[in-house]
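Atom set for the values below is all heavy atoms of this structure, side chains included, hydrogens, waters and symmetry mates excluded.
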Amino acid sequence: MTLSLEPIDDLSRDPAAGGFSRCLFCRGALPAPEPGGRLPPGRRFAFDPERGRVWVVCGTCARWNLLPLDSRAEVLDELQRRVRDEGRLLVRTAHVALLDAGLLHLVRVGPAGLAEEAWWRYGQRLVRRRQGLQHPGARLGADLLSAVTRLGERVGLVDPVPALLRSDVPLEDIVRRLRFGQEAWNGRVRCRFCGSVLRAIEFEDSWWLYPFVAEDGALGVGVPCPRCDPWTPEHVFRLAGPTAELLLRRVLAYQHVAGASERLILDAAGQIEAAGSAERFARHVSSGRESLWRLGPLRTVALEIALNDDAERRALNGAARTAEVVWRQEEELAAIADTELDAREAP
């Protein structure tokens with residue numbers, strides 16, 4: 001693999017922005033930089049903090065344009081700040097992470113701890129939920145929706161919604177009912193002990209679900225059987241596989257509709273890191289002996305992060321593998337370019 005070090009013409013180089021205005025490979029125009037920002041033209045960037053390299057990824061041909069040495073430090077600082085403040089991790093392999101940060105699409109090269117990953121993926125989302133409910137306009141909006149719902153119920157347009165008919169109901173309960181409705185699951189499953197049939201699970205009862213690992217290794221959920229003994233974890237209706245995983249993700253979102261504090265999220269991320277992976281943590285807490293209520297806020301927040309992490313990782317793993325292949329090729333070129341440029345600048 002060879003690299004041409006021909007001079008960059010004036011149409012490509014944009015000294016004011018510290019980068020290029022056009023792709024060096026296809027000559028396509030790169031998106032204009034943000035007004036007053038510290039980044040060069042482009043919306044897709046790849047960066048390696050350890051080696052001090054930054055690439056602008058062309059949106060037309062997908063080639064990586066290596067930034068000149070003299071403009072990398074400031075761009076690296078800005079990209080790392082964006083990741084810290086706005087980054088949402090999509091997926092990562094052992095070597096690269098794909099992230100969104102506002103309007104930017106980023107490939108970050110290098111290792112990141114599980115706690116850092118969890119914060120990128122879900123920490124800011126949970127904090128925003130909390131901030132949203134604490135905003136003064138949230139109560140006003142909920143009261144307005146409650147009034148509309150009461151009016152609709154009086155004229156027969158909607159079914160009665162008891163949680164919305166009282167002024168002393170906590171705001172988060174109103175938001176739960178409006179956002180999620182009443183039923184978390186409906187179907188048909190039979191109790192193995194008494195033969196009774198479960199046809200629906202209401203969100204209000206979801207605190208008493210028992211996560212477990214089924215015989216085939218899939219995640220499962222135990223639903224207490226009121227006819228047998230609602231307080232005995234062994235006497236439960238059993239849901240397993242994708243249905244159980246989706247149910248758990250829905251009820252955890254319902255339970256955490258008010259979000260969480262930054263401290264709680266960081267502690268939850270630490271729980272995942274201590275377990276070694278999101279999947280291991282989910283299996284560790286899914287003993288079948290503790291309900292979601294007994295797991296408590298710390299472990300249930302960590303479980304929501306872990307389940308969503310695993311689902312998104314499976315969906316995006318192919319894109320991350322492709323990015324890693326491209327990075328290895330571009331890293332080889334960057335190493336050659338930097339070595340030759342350093343040699344030219346040496347006295």
Side-chain angles (χ1 to χ4, degrees), residues 1-34 37-112 120 316 318-345:
M1 187 177 295
T2 60
L3 175 67
S4 172
L5 291 177
E6 298 177 359
I8 300 170
D9 60 45
D10 293 338
L11 291 176
S12 294
R13 187 68 190 269
D14 185 356
F20 313 105
S21 60
R22 291 183 177 275
C23 173
L24 299 178
F25 300 94
C26 73
R27 312 299 299 160
L30 299 171
E34 300 168 323
R38 300 171 60 190
L39 295 177
R43 289 293 180 269
R44 301 179 182 179
F45 295 89
F47 64 105
D48 183 340
E50 183 176 346
R51 293 182 174 86
R53 291 176 182 144
V54 183
W55 296 264
V56 181
V57 183
C58 176
T60 302
C61 69
R63 297 294 298 271
W64 291 23
N65 297 265
L66 183 66
L67 284 188
L69 284 168
D70 58 2
S71 61
R72 293 182 197 170
E74 185 176 9
V75 175
L76 267 174
D77 289 343
E78 178 65 10
L79 290 175
Q80 294 193 89
R81 185 191 69 79
R82 293 290 188 90
V83 167
R84 182 186 67 247
D85 297 343
E86 306 174 39
R88 183 174 71 89
L89 183 66
L90 302 177
V91 70
R92 80 182 307 271
T93 68
H95 302 287
V96 302
L98 305 184
L99 307 104
D100 280 342
L103 297 177
L104 302 181
H105 304 286
L106 307 178
V107 179
R108 181 185 188 274
V109 177
W120 283 346
L316 294 167
R321 286 197 297 267
T322 300
E324 183 170 343
V325 171
V326 174
W327 161 69
R328 290 187 184 280
Q329 296 172 345
E330 298 300 332
E331 170 58 28
E332 184 176 344
L333 293 173
I336 296 171
D338 284 356
T339 300
E340 294 195 14
L341 288 172
D342 287 343
R344 291 181 183 184
E345 295 176 0

About how many Å separate CZ of Arg53 and CZ of Arg72, when rounded to the nearest 0.5 Å?
6.5 Å
Keeping the roles fixed (side chain from Asn65, backbone from Leu24), state whether a donor-acceptor pair exists under 3.5 Å.
yes
Any residue meeting side chain to side chain contact (heavy atoms under 4.5 Å, CB included) with Arg82, in chain and number order, not counting sequence neighbours
Glu34, Leu39, Glu78, Glu86, Ala101, Leu104
Ignoring hydrogens, what is the shortest heavy-atom contact between Arg22 and Ala29? Give both atom names and the distance.
NH1-N, 3.8 Å
Check whether any side-chain heavy atom of Cys61 lies under 4.5 Å from a side-chain heavy atom of Cys23, and answer yes or no.
yes
List in chain and number order the residues that pass salt bridge (charged side-chain N to carboxylate O under 4.0 Å, His left out) with Asp100, two or more places apart in sequence or in another chain; answer none if no residue qualifies.
Arg88
Distance col, row Cys58:SG vs Arg27:CZ, nearest 0.5 angstrom, shows 11.0 Å
Do you know the tightest heavy-atom contact between Pro41 and Ser21?
CG-CA, 4.3 Å
Within the 4.5 Å heavy-atom criterion, are Leu67 and Val75 side-chain neighbours or not?
yes
To the nearest 0.5 Å, what is the distance between CG on Leu76 and CZ on Arg51?
13.0 Å
When rounded to the nearest 0.5 angstrom, what is the spacing between CG in Asp48 and CZ in Arg108?
9.0 Å
To the nearest 0.5 angstrom, please state how far the CZ atom of Arg44 sits from the CG atom of Leu30.
11.0 Å
Under a 4.5 Å cut-off applied to non-hydrogen side-chain atoms, are Phe47 and Val107 in contact?
no
State whether the side chain of Arg84 and the backbone N or O of Leu79 hold a donor-acceptor pair below 3.5 Å, judged by distance alone.
no
Test item: His105 and Val57 side chains (from C-beta on) under 4.5 Å apart, heavy atoms:
no
